[in-house]
Q: 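I have a structure I would like to understand better, so I am pasting it below and will then ask my questions one at a time.
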Amino acid sequence: MKASYCYSLVLILLAVSAKEHSLFGAADPTDGFTQLPLTDDNIDLQKPYNIPLSQRYNYSDGIRSLWVYNNDKPFKQSSGTRPRTEIRIKGYDYSSGVWQFEGYAYVPEGTSGVTIVQIHGAAEGATTLQLRIYDGNMRYYKYNLVATDLYDKWFRVNVIHDVKEGKITVFIDGEQKFVVNDQGPGDLYFKCGVYAAPENSSNFMESRWKDIKLFKK
């Protein structure tokens with residue numbers, strides 16, 4: 001009888017521990033968010049203005065491959081910006097609320113000095129967030145280290161922007177890696193792909209993306 005009681009108590013404690021872990025230790029970044037529909041109409045592709053899209057972009061088997069060269073032209077002739085091949089998510093520009101971008105990224109070794117995720121729009125300047133790859137590591141612009149050892153493997157990227165609180169939270173593979181104040185209000189939207197940084201860019205830059213999603217609270 002005593003042994004049976006102890007065994008039952010152990011099972012209860014294990015169940016409680018598992019429940020607590022599920023509630024508090026393994027929460028997914030998308031918990032509490034509503035996924036928004038994304039179609040091809042929401043995917044706006046930006047590439048060097050003087051060449052066909054097929055020379056800088058490929059979509060096959062659910063994977064979007066985007067690449068650019070450091071000496072490529074900007075996305076429009078009148079622009080003085082750096083070379084890019086990027087997905088601009090349109091139809092979901094925002095200026096309030098809590099929004100989340102999710103996607104699985106792959107960056108081949110050698111790609112460096114390039115932004116792979118952006119939140120475009122800010123009170124001052126062009127962007128609220130840039131996540132750049134330098135030598136296989138991810139940084140906030142060229143400053144804070146966000147994650148390391150990202151070359152040649154798929155990794156999950158989640159970016160949450162709470163406009164009211166002025167906070168941006170970055171998760172890599174479901175783990176919170178970085179929190180920062182935003183750059184103030186603006187006409188905001190998410191981008192991903194490759195956008196050459198102002199400095200130390202490799203000659204060739206590529207990122208691949210799959211399972212891109214958008215969420216809102």
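Counting from 1, the numbers follow the sequence of the chain as shown. This structure is a prediction, so every number in the text was calculated from the model and none was measured.
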Q: With rounding to the nearest 0.5 angstrom, report the NZ to OH distance, Lys76 to Tyr49.
A: 13.0 Å

Q: What do you reckon, is CD of Gln77 surrounded by more than 12 foreign heavy atoms closer than 6.0 Å?
A: no

Q: For the residue pair Tyr189 and His120, does the interplanar ring angle fall in the parallel (under 30°), tilted (30 to 60°) or perpendicular (over 60°) class?
A: parallel

Q: In plain terms, say whether Asp149 and Lys153 are close enough for a salt bridge, that is, a side-chain N and a carboxylate O under 4.0 Å apart.
A: yes

Q: May I ask you to establish whether Arg139 and Tyr134 are in a cation-pi arrangement, using a distance under 6.0 Å from NZ or CZ to the six-membered ring centre and at most 45° from the ring axis?
A: no

Q: What distance separates Leu38 CG from Ile87 CD1, expressed to the nearest 0.5 Å?
A: 10.0 Å

Q: For Asn137, look at atom CG and say whether over 12 heavy atoms of other residues, nucleotides or ligands are found less than 6.0 Å away.
A: yes

Q: Can you classify the ring geometry of Tyr94 versus His161 as parallel (below 30°), tilted (30 to 60°) or perpendicular (above 60°)?
A: perpendicular

Q: Determine the minimum heavy-atom distance between Thr111 and Ile133, stating which atoms define it.
A: O-CG2, 3.8 Å

Q: In the structure I gave you, are the side-chain heavy atoms of Pro48 and Val68 within less than 4.5 Å of one another anywhere?
A: yes

Q: Looking at every heavy atom in both Asn70 and Ser201, which two are closest together, and how far apart are they?
A: OD1-CB, 3.6 Å

Q: Can you name the nearest heavy-atom pair linking Gly103 to Phe101, along with the distance?
A: N-CE2, 3.9 Å

Q: Got a second to check how far Thr85's OG1 is from Leu53's CG, nearest 0.5 Å?
A: 8.0 Å

Q: Considering non-hydrogen atoms only, spot the tightest contact between Arg82 and Ala196 and give its length.
A: CB-O, 3.2 Å

Q: Assess whether atom NZ of Lys210 is packed by more than 12 heavy atoms of other residues, nucleotides or ligands within 6.0 Å.
A: yes

Q: Quick one, Arg132 and Lys142 - any side-chain contact, counting heavy atoms below 4.5 Å?
A: yes

Q: Are the ring centres of Phe204 and Tyr69 closer than 6.0 Å?
A: yes

Q: Are Val98 and Ile168 joined in one hydrophobic group, where the rule is that I, L, V, M, F, W and Y side chains link up if heavy atoms are under 4.5 Å apart?
A: no

Q: Do you know the tightest heavy-atom contact between Lys177 and Val146?
A: CB-O, 3.4 Å

Q: Roughly how far, to the nearest 0.5 Å, is the CZ atom of Arg64 from the OG atom of Ser207?
A: 12.0 Å

Q: Would you check if Glu102 and Arg156 make a side-chain contact, meaning some heavy-atom pair closer than 4.5 Å?
A: yes

Q: Going through the distances and angles, do Gln118 and Thr127 end up as a side-chain hydrogen bond (donor to acceptor under 3.5 Å, both in side chains)?
A: CA-CA 7 Å; Gln118 297 192 59; Thr127 62; 4.8 Å; no

Q: What pair of heavy atoms forms the shortest contact from Pro83 to Tyr195, and how long is it?
A: O-CD1, 3.5 Å

Q: Go through Asp28 and Thr30 one step at a time and tell me if the side-chain hydrogen bond (donor to acceptor under 3.5 Å, both in side chains) criterion holds.
A: CA-CA 5 Å; Asp28 190 88; Thr30 62; 2.5 Å; yes

Q: So, are Lys167 and Glu165 salt-bridged, with charged N and O less than 4.0 Å apart?
A: no

Q: May I ask you to decide whether Arg56 forms a salt bridge with Asp72, counting only side-chain N to carboxylate O separations under 4.0 Å?
A: yes

Q: How about Trp154 and Tyr106: are their ring centres within less than 6.0 Å of each other?
A: yes

Q: Verify the cluster assignment for Trp67 and Tyr104: are they in a single hydrophobic cluster under the rule of side-chain heavy atoms below 4.5 Å apart?
A: no

Q: Do the charged groups of Arg88 and Asp93 touch, with an N to O distance under 4.0 Å?
A: yes

Q: Taking the side chain as every heavy atom from C-beta outward, state whether Phe33 and Asp31 have any pair of such atoms under 4.5 Å apart.
A: no

Q: Is any side-chain heavy atom of Thr128 less than 4.5 Å from a side-chain heavy atom of Leu188?
A: yes

